[in-house]
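Right, one structure below, let's go through it.
So you know, we letter chains A, B, ... as the sequences are listed, proteins then strands, and number each from 1. Keep in mind that the numbers below use all heavy atoms, side chains included, and drop hydrogens, waters and symmetry copies.
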Amino acid sequence: METPEVRSNFIWDAIDEDLRSGRYQSVHTRFPPEPNGYLHIGHCKALVADFLTAERYGGLTNLRFDDTNPAKEETEYVDGIMADIHWLGFDWKGGLFFASEYYHKCYDIAEDWINRGLAYVCELSAEEVREYRGTLTQPGKNSPYRDRPAAESLDLFRRMKAGEFPEGKMILRMKIDMASPNINMRDPAMYRILYKEHHRTGKEWCIYPMYDFAHPIGDAIEGITHSLCSLEYEDHRPLYEWVVDKAAGMLPSHPRQIEFSRLNLTRTIMSKRYLRMLVEGGYVSGWDDPRMPTLCAMRRRGYTPEAIRDFIDRIGVAKADSTVDLALLEHCVRENLGGTAPRAMAVVKPLKVILTNWPEDKQDALEMENHPDHPEMGSHTATLTREIYIEQEDFMEVPVKKYFRMFPGNEVRLKGAYIVRCDGCEKDADGNVTAVLCTVDMDTRNGTEGANRKVKGTLHWVSATINTPFEARLYEPLLQEEAEGEDAEAADKKDFISRLNPASIEVCHGFMEKYLDTAAPGDTFQFLRIGYYCKDTDSTPGLPVFNRVVGLRDTFKKQLGQ
RNA sequence: UGGGGUAUCGCCAAGCGGUAAGGCACGGGACUUUGACUCCCGCAUUCGUAGGUUCAAAUCCUGCUACCCCAGCCA
């Protein structure tokens, strides 16, 4: 066994240096989602980076919900996110926390800063604050409230907390530098008034700390050493440092923020805002609709945690903006499933075949291996009868060139059974093929000498009398058409919806082997030639539902120029 | 036109002064009771660009260019 080489990255290089220089003695990370939606594939990159980084250095990772905006957050998401992290195989050994647990600490620091002249209550309106902030090229100007006495700010701040003022009336601001070329340093807001019930603290507070204040404080309280985040926070880093510095006396650690590029996947919607629109607009059945790029949806669709982690491992971590080809994700899924999923036969789009020389009542129980490379996975029985179903696409009355499945005059092998010759077909009044007629070569039963004869094609099949009907859902992930043209980014809600692939779901009524009756929700099988299918965890008793995870590579279609 | 970043094969990504890893995709071939899988073979004389330093540069220096992020009382 070769030990897969764990590739280093620039973050680990930086941490190696921090450890070498003595800046830190250990490593402690945190994964800080805001509970305002479910985790999607894009979050996995940060999640894996946080957990694996700590693991690499023998440290721990905290799960901290960044719940500082009660207007958008809900308990449902907290529970969902925790379930998803566990499903991926990670555990917050460092502990479970909520930014809201630090409200009191944040408040104390705020009062301290007011007293030290580092913060002040500003009564400018939101519009005025924007005007005073200046622009990208012009410096801002000081708020007229900037130099009010600390005692005055303190009094106002306490009354803000007491609920004496309406939302928007005033905010608490850090006193940094209104002329800074970095806009984030122009006296950023620390606290705003919000009469919203918080999913954890209820009505206890009517003032809530902003991310730029609460996040570094939370990191420092928890003793985080390396605070990993995405690139857009790069110019918040000086602010992060400022907050940690000013609060140093009241907090145990001085964490370091390191940024890396977030994951983008070709044609995949990776914005919580848009995903929320799909859910709330009823375009999908929910966050776990198998067409969604959320983890809960991918799980339901049959993606494995192993495949996703392998994918994240392969894309690497760097600082360049990048968009990873969806094909890589699908490759990882196929590779993982190909080696582990039991094989089974099911016909998704059935076409009846009558074995004309097969006795009416004859049943032949054939042994089918569960996996060609893993004998230890055992085998099961499939029963051949006079009438069977094959896939519609496996028969052509008039074959195209290089077609070596079933057509009149051609011989094919029924997987694990016999070689049959196609003699013709029956049609209805409209000319549609209703049944195909074949003759079985009785000397070619699987396992006998005669079976060693070579034929070009092999087809999967299901008995027409001994089977279980099921519903196959061929989900395609919701993908966006590549937005072309100059106005590509001006995609408003309408454009966004209209650019989604329309035929992203196809429901088929097929037949599967009895063997599949024993499948448990979540079990995935490779249906011969037609792809990987997962028993839907959402299926109800009765008609079983299998979702397609991902299709097989189809070189056949390419050869035919389709 | 302020500030912060990034530029290595179609897509990711190693490389950290000594003469371009790897994966995906793609092309060709072998094998095949899944046209899958597997297996071979091919795929950057060149690292955004123009100069400079050096025996030697993707790696150092300088100047350009392109793209991304920032003007929420969101995170």
Roughly how many Å apart are [M] and [N], using the [atom1] atom of each and rounding to a whole number?
N	M	atom1	value
B/U33	B/G23	C1'	32 Å
B/U46	B/U59	C1'	14 Å
B/G3	B/U45	P	37 Å
B/U54	B/C24	C1'	38 Å
B/A50	B/G42	C1'	34 Å
B/A58	B/C47	C1'	4 Å
B/G2	B/A71	C1'	11 Å
B/G51	B/G15	P	29 Å

Do A/Trp12 and A/Glu17 have side chains that get closer than 4.5 Å, going by heavy atoms?
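No; the side chains remain at least 4.5 Å from each other.
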
Salt bridge A/Glu222-A/Arg30, side-chain N to carboxylate O under 4.0 Å
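A salt bridge is absent here (no side-chain N lies under 4.0 Å from a carboxylate O).
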
Separation of [X] atom [atom1] from [N] atom [atom2], in whole Å?
X	N	atom1	atom2	value
A/Phe311	B/A13	CZ	P	11 Å
A/Arg262	B/C69	CZ	C1'	11 Å
A/Asp313	B/G22	CG	C1'	12 Å
A/Leu231	B/U6	CG	C1'	8 Å
A/Glu335	B/A36	CD	C1'	14 Å
A/Glu411	B/U33	CD	P	14 Å
A/Glu330	B/C12	CD	P	17 Å
A/Ile312	B/C12	CD1	C1'	12 Å

Taking pairing as Watson-Crick or G-U wobble with both contacts under 3.5 Å, can you name the mate of [N], or confirm there isn't one?
N	result
B/C55	B/G18
B/G35	none
B/U45	none
B/C67	B/G5

Nearest to the [X] side chain among [options], which nucleotide is it?
X	options	value
A/Leu328	B/C24, B/U33, B/G35	B/C24
A/Ala451	B/U33, B/G5, B/C12	B/U33
A/Ala327	B/U33, B/A36, B/A25	B/A25
A/Arg529	B/G35, B/C24, B/U6	B/G35

Touch class at under 4.0 angstrom, heavy-atom based, for [X] against every strand present:
X	result
A/Val317	sugar-phosphate
A/Asn446	base
A/Gly338	nothing
A/His331	sugar-phosphate

Report yes if at least one side-chain N or O of [X] is closer than 4.0 Å to OP1 or OP2 of [N]; otherwise report no.
X	N	value
A/Ser180	B/G3	no
A/Lys454	B/U33	yes
A/Arg553	B/C37	yes
A/Arg405	B/G35	no

Earlier contact from the 5' end, RNA chain B, for A/Gln138 and A/Leu528:
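In this pair, the answer is A/Gln138.
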
Between A/Ser322 and A/Arg237, which is nearer to the 5' end of RNA chain B once each is assigned its nearest nucleotide?
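Nearer the 5' end of the strand: A/Arg237.
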
Would A/Tyr120 and A/Phe157 count as a close aromatic pair, with their ring centres under 6.0 Å?
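When the ring centroids of A/Tyr120 and A/Phe157 are compared, they turn out to be at least 6.0 Å apart.
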
Ring centroid separation for A/Trp461 and A/Tyr418, is it under 6.0 angstrom?
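No - the distance between ring centres of A/Trp461 and A/Tyr418 does not fall below the 6.0 Å cut-off.
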
Are a donor atom and an acceptor atom from the side chains of [X] and [Y] found within less than 3.5 Å of each other?
X	Y	value
A/His380	A/Glu513	yes
A/Thr304	A/Asn336	yes
A/Ser379	A/Glu367	yes

Qualifying salt bridge (charged side-chain N to carboxylate O under 4.0 Å, His left out) pairs with a residue from residues 177-186 of chain A, counting only residues at least two apart or across chains:
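Found none.
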
Counting primed atoms plus P, OP1 and OP2 as sugar-phosphate and everything else as base, spell out the protein contacts along nucleotides 70-75 of chain B at 4.0 Å heavy-atom distance: B, S or - for each nucleotide, 5' to 3'.
BBSBBB

Tell me if B/G5 is syn or anti. Syn = glycosidic torsion within 90° of 0, anti otherwise.
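Base orientation: anti.
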
Any residue meeting side-chain hydrogen bond (donor to acceptor under 3.5 Å, both in side chains) with A/Lys319, in chain and number order, not counting sequence neighbours
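With sequence neighbours excluded, A/Lys319 shows a side-chain hydrogen bond (donor to acceptor under 3.5 Å, both in side chains) to A/Glu234, given in chain and number order.
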
Quick one: do A/Glu123 and A/Arg148 satisfy salt bridge (Lys or Arg N to Asp or Glu O under 4.0 Å)? Show the steps, please.
CA-CA 11 Å; A/Glu123 293 174 59; A/Arg148 76 195 326 169; 2.5 Å; yes

Donor-acceptor pair present, A/Asp321 side chain and B/U6 base, under 3.5 Å
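Under the 3.5 Å cut-off, the side chain and the base do not form any donor-acceptor pair.
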
